[in-house]
Structures are given as C-alpha cells and as structure tokens.
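Quick notes on the structure that follows.
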Amino acid sequence: MVLRIGHRGACGYAPENTLLSFEKALELKVDFIELDVQVCKTKEVVVIHDTKVDRTTNGKGYVAEKTFAQLKKMDAGKGQRIPLLEEVLDLVNKAAKVNIEIKGEQAAKPVFDIIKRYVKEENWDWDDFLISSFNHYELLEFNSFCAPVKIGAIIAGIPIGYAQCAVQLNAYSLHPSKEFINQALVDDAHKSGLKVFAYTLNEKTDIEKIKKLGVDGIFSNFPDRI
Ligand code: G3P
Ligand code: MG
C-alpha cells in the first residue's frame, strides 16, 4: 500500500499548516501528516511554510523577526492561527505519524527537544516521527543527537549518484519532487534500502502515474485522492 501523506495537513481543503487543516487530514485517515517548521524570534517552533508570513496570513514580514505573541495575532485563514509544533502534536495525539519538515536553519535542536519530550513524557514513540528537509546539513545535525528518529532527504532534482545523498545521511526515505522523479531514481533508492515518498501530487492522473513507478508514499493536498 502507498502511504497517504497529508501535505501541510490537507491543505486542499483548509488553510495550510493550521489546526483546521490537520484536523481535516486526520478525518481523511492519513498515514502521515506533513508540516513545515521554523523558529521565530522568541525561539518557539512554529508551523508555517514560507520565511515570510505574507502569503499565508494577514501579517507582513519575516517569521524569524517576529515574536510568538506577534505571530499569534495573525489570521492564517478562516480565523486560524499559526500553530506551535506542540499544539499540532497535541491535536494529532498519535492518530497519525508526523513528518516534520525543517524549513529554517537552527531548527534541528529545538525540534529534537520537543520530540524527546513527547517521547519521554507524552507516550509518543520515536517511530511516530519522520524528520525531513531540503537542507541536508540540518538533517546531519539532527543525526548528531543520535536519536532513533527516521530521517527523510528531500530533493528537487536528480543528483549525480541518485539516492546517494540520502544513503550518506543514513536516511530512512528519499523525498523526490514530482517534477524530477524517474524510474532510475526510484530503483536506486530501493536498491539502497530507502523508501521513496514523492511530493506533491494533487491530480488523480498524476497520482496513478507516480504509483506505477513503485513509490512507497505520496504527499498530497488532497490525501483522499491517493
Ligand atoms: O516535504 C515535501 C514537501 O512539503 C516539500 O516541499 O515546499 O511543500 O515544503 P514544500
Ligand atoms: Mg513541506
């Protein structure tokens, strides 16, 4: 079975990376919820995709330059707020696994601290998490904490050596974009013992095409289409 990964929740149905979107993803019974995190000025780990708040909220400016109190006041769509990573974990409450995509730099350690706390105090399993990033140096740093957490290397192209970058990171999975995925890449990843999770597929015809390559999981804004 191909794993169904709700992209930014189920952002085809609700404002991306909001509690409403994560609720919708849970309702659709996703295997994984994907969300994007960054650290704001006051060091909380907040769930938002862009470096600036402009596209997804009624505010303006860089996330890294805003306090959490400022971010909390912004409307992220349909009256939703920018959530803290902890708020999303509390909502999910182990009903799905969580793929935390590290967007900003300096986020690996604070994300690790939160995961550790949820494992030690909230009865979560290390296995309930998958940490991914386009920034493979953040993943390398995450590895240095020696936690038994799965790592996913995101790529947006076909690198020389195919899945080699993920192997080097001792990753669990490779996350290629739909624009660049091909059979050679999928086969090389599988040969190297990696899972392949492709992003972001929203059209049914595209989803069927990608499934034929033998991928193990698909990110979608409409996870019920997978
Ligand atoms: O993690 C898969 C996908 O979310 C990566 O791209 O830009 O949607 O975060 P983006
Ligand atoms: Mg993402």
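On a predicted model such as this, the values are computed, not experimentally measured, just so you know. Every number for a ligand or one of its atoms is a count from 1 in the order of the listing.
With 3.5 Å as the limit, one finds no donor-acceptor pair spanning the side chains of Asn143 and Asn170.
Taking 2.8 Å as the limit, the number of protein N, O or S atoms around the Mg ion (ligand 2) is 3.
Here the straight-line distance linking atom CD of Glu101 with atom CD of Glu34 works out to 5.0 Å at 0.5 Å rounding.
Only the side chain of Arg8 comes within 4.0 Å of ligand 1, judged by heavy-atom distances.
Distance from atom 1 (O) of ligand 1 to its nearest protein heavy atom, with residue and atom name: Glu101 OE1, 3.1 Å. The protein heavy-atom contact nearest to atom 4 (O) of ligand 1 is Glu34 OE2, 2.7 Å.
Between His49 and ligand 1, an N or O atom pair is found at a separation short of 3.5 Å. Below 3.5 Å of separation, one finds an N or O of His7 facing an N or O of ligand 1. Considering backbone and side-chain atoms alike, Asp36 places an N or O below 3.5 Å from some N or O of ligand 1. Below 3.5 Å of separation, one finds no N or O of Thr200 facing any N or O of ligand 1. Considering both main-chain and side-chain atoms, Asn99 never comes within under 3.5 Å of ligand 1 through any nitrogen or oxygen pair.
Just one residue in the list Phe180, Phe219, Tyr199, Phe32 forms a ring-ring contact (aromatic ring centres under 6.0 Å, His included) with His175, and that residue is Phe219.
A 6.0 Å sphere centred on OH of Tyr62 holds no more than 12 heavy atoms belonging to other residues, nucleotides or ligands. Atom NZ of Lys29 is surrounded by 12 or fewer heavy atoms from other residues, nucleotides or ligands within 6.0 Å. For NZ of Lys41, the number of neighbouring non-hydrogen atoms (other residues, nucleotides, ligands) closer than 6.0 Å is 12 at most. Residue-environment remark: CZ (Phe145) exceeds the threshold of 12 foreign heavy atoms within 6.0 Å.
Minimum heavy-atom separation, Asn99 to Ser132: ND2-OG, 3.0 Å.
Taking 4.5 Å as the limit, some side-chain heavy atom of Val88 sits within range of a side-chain heavy atom of Leu19.
Contact between Phe197 and ligand 1 is absent, with no heavy atom of the residue lying under 4.0 Å from the ligand. Residue contacts with ligand 1 leave out His175, since none of its heavy atoms falls under 4.0 Å from the ligand.
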Check residues 147-165 and write down every donor-acceptor pair under 3.5 Å in which the side-chain atom is one partner and the other belongs to a residue at least two apart or another chain.
residue, atom, partner, partner atom, Å
Lys150, NZ, Asp127, O, 3.3
Lys150, NZ, Asp127, OD1, 2.8

